[in-house]
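Here's the structure we're looking at; comments come further down.
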Amino acid sequence: MQNFTIKDIFKGIAFSQIQLENATSKFEEVSVKRGDVILNAGQSVPSQYYVYSGCLRTYFIDASGKEHTIQFAVNDWWISDYTAFFTGGLAILNIECVQDAVVYKISKESMEVLYAEVPGVETFFRIKMERFFASFQKRILSDLAMSAKEKYKSFLKAYPNIETNIKNYHLASYLGITPESLSRVRAELAHE
């Protein structure tokens with residue numbers, strides 16, 4: 001495992017040496033190349049992924065075949081199809097690597113064991129999920145109320161270092177606009 005330690009993930013939690021070893025053993029390192037898909041819609045979702053480096057995205061394909069990017073996950077973020085992960089259902093989302101990445105995957109069963117072994121981990125994840133839910137709610141509201149320019153500025157603030165590493169149509173689909181509209185927004189901002 002590179003220079004990775006479990007403390008990279010669970011910042012601020014005190015682990016005994018045994019807890020540290022047990023927790024580390026529950027994660028599997030996976031190297032992913034740009035373009036690799038690590039989850040396809042229709043599959044079971046036994047794991048979630050901690051992004052150590054690189055960038056991944058979740059996306060949904062509608063009935064007409066159009067892709068809708070739901071999330072980008074960069075260093076120190078988590079990614080999965082959480083609806084399927086928590087309910088045991090099948091994935092409705094796909095996860096694709098958009099920039100070479102190293103991720104650490106952990107199964108739901110291993111997470112449950114880790115919760116029991118290190119109670120601070122359960123609190124850590126509860127707080128992460130609360131923040132995740134709040135950010136998704138903000139995103140829904142921005143999709144309903146913000147202009148394309150405001151959405152783009154908000155994206156740049158949330159993801160300051162990935163714009164040059166993702167495809168324009170992925171960004172446009174995340175913002176809910178066309179690639180042409182994204183070009184217009186960028187041109188407007190360049191002239192401001």
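Because the structure is a prediction, the values reported are computed rather than measured.
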| Among Q48, K26, E29, which one satisfies side-chain hydrogen bond (donor to acceptor under 3.5 Å, both in side chains) with Y104? |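 Running side-chain hydrogen bond (donor to acceptor under 3.5 Å, both in side chains) over Q48, K26, E29 with Y104 returns exactly one hit, E29.
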Is it the case that one hydrophobic cluster holds both [X] and [Y], taking links as side-chain heavy atoms less than 4.5 Å apart, direct or via other members?
X	Y	answer
F125	F133	no
V121	V113	no
F86	Y49	yes

Quick one: does [X]'s side chain get under 4.5 Å of [Y]'s, heavy atoms only?
X	Y	value
V118	I13	yes
F27	I9	yes
F15	I6	yes
Y82	F85	yes
K149	E192	yes
F132	Q71	yes
D76	Y52	no
I106	L114	yes

If every non-hydrogen atom of [X] is compared with every non-hydrogen atom of [Y], which pair is closest and at what distance?
X	Y	answer
V51	A73	CG2-CB, 3.9 Å
A91	V45	CB-CG2, 3.6 Å
S47	S80	O-OG, 3.0 Å

If you round to the nearest 0.5 Å, how far is [atom2] of [Y] from [atom1] of [X]?
X	Y	atom1	atom2	result
L56	C97	CG	SG	5.0 Å
Q43	I92	CD	CD1	14.0 Å
D8	T24	CG	OG1	9.5 Å

Give a yes or no on whether the backbone of [Y] and the side-chain of [X] come within a donor-acceptor separation of less than 3.5 Å.
X	Y	answer
Q19	E117	yes
D81	L93	yes
S110	S107	no
D100	R34	yes
S44	P46	no
S142	R139	yes

| task | For the pair E112 and K108, find out whether any cationic side-chain nitrogen is under 4.0 Å from an anionic carboxylate oxygen. | result |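 Here E112 pairs with K108 in a salt bridge, since their nearest N and O are under 4.0 Å apart.
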| message | Can you confirm whether K157 is buried at NZ, in the sense that more than 12 heavy atoms of other residues, nucleotides or ligands lie under 6.0 Å from that atom? | response | no
| message | Can you tell me if L141 has over 12 outside heavy atoms packed within less than 6.0 Å of its CG? | response |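 Yes, CG of L141 has more than 12 neighbouring heavy atoms, counting only those of other groups under 6.0 Å.
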| said: Taking transitive links into account, so neighbours of neighbours count too, which hydrophobic residues share a cluster with L182 at under 4.5 Å side-chain distance? | reply: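 Reading the cluster by chain and number, L182 sits alongside F72, V74, W77, V98, Y152, F155, L156, Y159, I162, I166, L171, Y174, L175, I177, V185, L189.
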If the condition is side-chain contact (heavy atoms from CB on, under 4.5 Å), which residues does [X] pass it with, not counting sequence neighbours?
X	value
E21	Q17
E150	M146, S147
V30	E28, V32, V103, K105
R126	T123, E130

| field | Y115-F124 aromatic ring centre distance below 6.0 Å | value |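 Centroid separation for Y115 and F124: 6.0 Å or greater.
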| task | Examine the side chains of S183 and R186 and answer whether a donor and an acceptor come within less than 3.5 Å of each other. | result |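 Judged by distance alone, the side chains do not pair up.
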| Any side chain to side chain donor-acceptor pair (under 3.5 Å) pairs touching residues 54-63, not counting sequence neighbours? | R57-E67, R57-T69, R57-E96, R57-H170, D62-S64, D62-H68
| Would W78 and M129 count as a side chain to side chain contact (heavy atoms under 4.5 Å, CB included) if you check the C-alpha gap in whole Å, the side-chain angles of each, and the deciding distance to 0.1 Å? | CA-CA 10 Å; W78 291 84; M129 292 309 290; over 6 Å; no
